[in-house]
Participant: 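I'd like to ask you about the structure that follows.
Every chain is numbered from 1 and lettered A, B, ... according to where its sequence line falls, protein lines coming before strand lines.
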Number of protein chains: 2
Amino acid sequence: MAKIDMIPLRIEDVMDRTDDSLIALRRIMRATELYARELAHSAGLTPAQLRVLQIVDEKGSATPKALAKQMGVSQATITTLVDKLVSRDQVRRVPSETDRRQTNVTITESGHETLVNAPDALQQKFVREFEGLQEWEQAMLVAALERVASMLDAEEIDAAPVLTTGDLHIGRRRI
Amino acid sequence: MAKIDMIPLRIEDVMDRTDDSLIALRRIMRATELYARELAHSAGLTPAQLRVLQIVDEKGSATPKALAKQMGVSQATITTLVDKLVSRDQVRRVPSETDRRQTNVTITESGHETLVNAPDALQQKFVREFEGLQEWEQAMLVAALERVASMLDAEEIDAAPVLTTGDLHIGRRRI
DNA sequence: CGCTGTTATTTTAACGGTCGAAGCAAACAA
DNA sequence: TTGTTTGCTTCGACCGTTAAAATAACAGCG
């Protein structure tokens, strides 16, 4: 073991650091959640609807089942969300050619437009600041975040590089 | 400048690291959110209700206005949440002595019991693993998390060392 | 071919969270 | 005192969510 391991360690210090880490984590969550609301609001959609739109746009097309799995909600929920998006001409339901039980949800030009125009200031701010860091700082942050992520999630999660609070139900109000 | 700054840097590497950081962040969010649901469910409460209970327990007592501010929702929402908790004998409404417009929400023994029995496995898992790390690793994680948090949140957020997805659920819509 | 079981999706019914607006009561200010 | 602000609740409406039931279509299998 390296000498540094032999430095006396007070239990209070460990506790403090644990609290610090939890507090920092919660700040991260809260900032992301609050921003997700604002983002969805300014895009004219609810966060849940926007999340569907993002996934569909990212994957090209997705079945309700796949959407449900990725968002961690039931298929019934996806049905209602897609209904809303269809009524707003943001996505389309395209019957599958190979399996007529399936429907592929695809994005419309209008839907893509919505995503392009979504300001997404939080992610932009983060990306901007992140890319302004020193190389070793970036590496350290990535290592730390991945470490924390692996400490938290049990199963594998395929996460896209999109900073949102995936699944929350939510609503929106009229402008 | 240190020599390390002079190492050639390819733009692809920066991009990759940015994506990596966003992906890790999203994994953290998702794990926390999914767990918040499970936790609230096993405690017999909804996530929003549990959050109110946690805040009230932590602060001893809180007015609806303070709760609304801390959770980032309207007072009307707090009213309904507190209604539910009161009907379950988790909290009490105590009229303020000093200002009869105000109501102080306090936790009941039963409510405190609920929190104590809440398994909160995610936080426990994180805390356990975190405290099993080397001292320098803990320090690195805290530094990284705090760095990220400060990169994300604009204004100050008073975050308690409780790992939850504070405020979900929003909104409304009118078609 | 027809029967059976499985899978994908939608529908239905019910509930919780959320908001804005309106209402009410108490505190405050002029 | 009177008008204004403040704290909270009520009301009405909508969204997100789920479990369970209903549809529909695929896959075997004899």
Side-chain angles (χ1 to χ4, degrees), chain A residues 33-34 36-38 40-41 44-53 61-69 71-88 91 93-105 165-175, chain B residues 33-34 36-38 40-41 43-53 61-69 71-88 90-91 93-105 165-175:
Chain A
E33 285 161 11
L34 290 180
R37 294 189 193 178
E38 184 187 336
H41 184 277
L45 298 174
T46 66
Q49 291 168 12
L50 183 62
R51 182 78 190 115
V52 171
L53 201 58
S61 91
T63 65
K65 185 178 189 65
L67 288 168
K69 185 182 178 192
M71 290 180 61
V73 299
S74 70
Q75 284 186 211
T77 300
I78 298 296
T79 295
T80 66
L81 291 175
V82 172
D83 283 347
K84 299 284 171 53
L85 289 173
V86 167
S87 75
R88 293 185 176 293
V91 301
R93 280 192 171 97
V94 180
S96 166
E97 299 289 345
T98 63
D99 187 336
R100 274 180 294 187
R101 290 172 304 181
Q102 293 186 350
T103 18
N104 289 303
V105 180
T165 76
D167 34 18
L168 24 164
H169 37 102
I170 294 201
R172 154 188 143 53
R173 64 175 176 247
R174 181 154 173 92
I175 306 179
Chain B
E33 285 162 11
L34 290 180
R37 293 191 192 177
E38 185 187 336
H41 188 271
L45 299 174
T46 66
Q49 291 168 12
L50 183 63
R51 181 82 190 112
V52 171
L53 202 58
S61 90
T63 65
K65 185 178 187 66
L67 287 169
K69 185 181 177 193
M71 291 180 62
V73 300
S74 70
Q75 282 185 220
T77 299
I78 298 296
T79 296
T80 67
L81 290 175
V82 172
D83 282 348
K84 299 283 172 54
L85 289 173
V86 167
S87 75
R88 294 182 182 291
Q90 305 284 293
V91 301
R93 280 192 172 96
V94 180
S96 167
E97 300 289 346
T98 63
D99 187 336
R100 274 179 296 187
R101 289 171 304 181
Q102 292 187 350
T103 318
N104 288 304
V105 180
T165 76
D167 32 18
L168 4 161
H169 285 217
I170 306 244
R172 87 190 243 97
R173 144 140 238 105
R174 176 187 308 270
I175 298 188

Participant: Write down the atom of A/Gln75, the atom of A/Pro64, and the distance for their closest heavy-atom approach.
Facilitator: CG-O, 4.4 Å
Participant: Please report the distance, rounded to the nearest Å, between CD in A/Glu97 and P in D/dA25.
Facilitator: 14 Å
Participant: Any base atoms under 4.0 Å from B/Thr63, or only sugar-phosphate, or nothing? Heavy atoms, all strands.
Facilitator: sugar-phosphate
Participant: Side chain of B/Thr79 only, heavy atoms from C-beta on: which candidate in D/dT9, C/dT6, D/dT6 is closest?
Facilitator: D/dT9
Participant: Look at all strands and tell whether B/Ile78 reaches a base, only sugar-phosphate, or nothing, counting heavy atoms closer than 4.0 Å.
Facilitator: nothing
Participant: Describe the nucleic acid contact of B/Thr103 in one word from base, sugar-phosphate, nothing, applying a heavy-atom distance below 4.0 Å.
Facilitator: sugar-phosphate
Participant: So, taking the atom named CE in B/Met71 and the one named CG in B/Leu81, what distance separates them when rounded to the nearest 0.5 Å?
Facilitator: 5.5 Å
Participant: Between atom CG in B/Asp83 and atom P in D/dT9, what is the gap in whole Å?
Facilitator: 7 Å
Participant: What's the separation between atom CG in B/Leu45 and atom CZ in B/Arg51, rounded to the nearest 0.5 Å?
Facilitator: 13.5 Å
Participant: Let me know the distance between NZ of A/Lys69 and C1' of C/dT7, rounded to the nearest Å.
Facilitator: 15 Å
Participant: Output the rounded distance in Å from CD (B/Gln75) to P (C/dC24).
Facilitator: 18 Å
Participant: Is any side-chain heavy atom of A/Thr103 closer than 4.5 Å to one of A/Thr63?
Facilitator: no
Participant: What integer distance in Å separates B/Met71:CE from C/dG17:C1'?
Facilitator: 10 Å
Participant: Does A/Arg100 make a side-chain N or O approach to OP1 or OP2 of C/dA8 shorter than 4.0 Å?
Facilitator: no
Participant: A/Thr80 has a side chain; which of C/dT9, D/dT9, D/dT17 sits nearest to it?
Facilitator: D/dT17
Participant: Check this one for me: any side-chain N or O of B/Thr77 less than 4.0 Å away from OP1 or OP2 of C/dC19?
Facilitator: yes
Participant: Quick one: are B/Gln49 and B/Arg88 in side-chain contact, heavy atoms under 4.5 Å?
Facilitator: yes
Participant: To the nearest Å, give me how far apart CG (B/Leu53) and P (C/dG17) are.
Facilitator: 13 Å
Participant: Go through D/dT10, C/dA26, D/dC15 for me and flag the one nearest to the A/Gln49 side chain.
Facilitator: D/dC15
Participant: Is the shortest side-chain heavy-atom distance between A/Ile78 and A/Lys69 below 4.5 Å?
Facilitator: no
Participant: Return yes if the base of C/dT9 and the side-chain atoms of A/Arg101 contain a donor-acceptor N/O pair under 3.5 Å, otherwise no.
Facilitator: no
Participant: Taking CG from B/Asp99 and P from C/dC28, how many angstroms apart are they, rounded to a whole number?
Facilitator: 6 Å
Participant: Taking the side chain of A/Lys84 as its heavy atoms from C-beta onward, which of D/dC15, C/dG16, C/dT10 lies nearest to it?
Facilitator: D/dC15
Participant: I want to verify a distance call: between D/dC26, D/dC15, D/dT18, whose nearest atom is closest to the A/Ala76 side chain?
Facilitator: D/dT18
Participant: Picking from C/dC19, D/dT10, D/dT17, which would you name as closest to the side chain of A/Leu81?
Facilitator: D/dT17
Participant: Counting only side-chain heavy atoms from C-beta out, which of C/dT9, D/dC8, C/dG17 sits nearest to B/Lys65?
Facilitator: D/dC8
Participant: Indicate whether OP1 or OP2 belonging to D/dT9 is found under 4.0 Å from a side-chain N or O atom of B/Arg93.
Facilitator: yes
Participant: Rounded to whole Å, how long is the line connecting atom CZ of A/Arg88 with atom P of D/dC15?
Facilitator: 8 Å
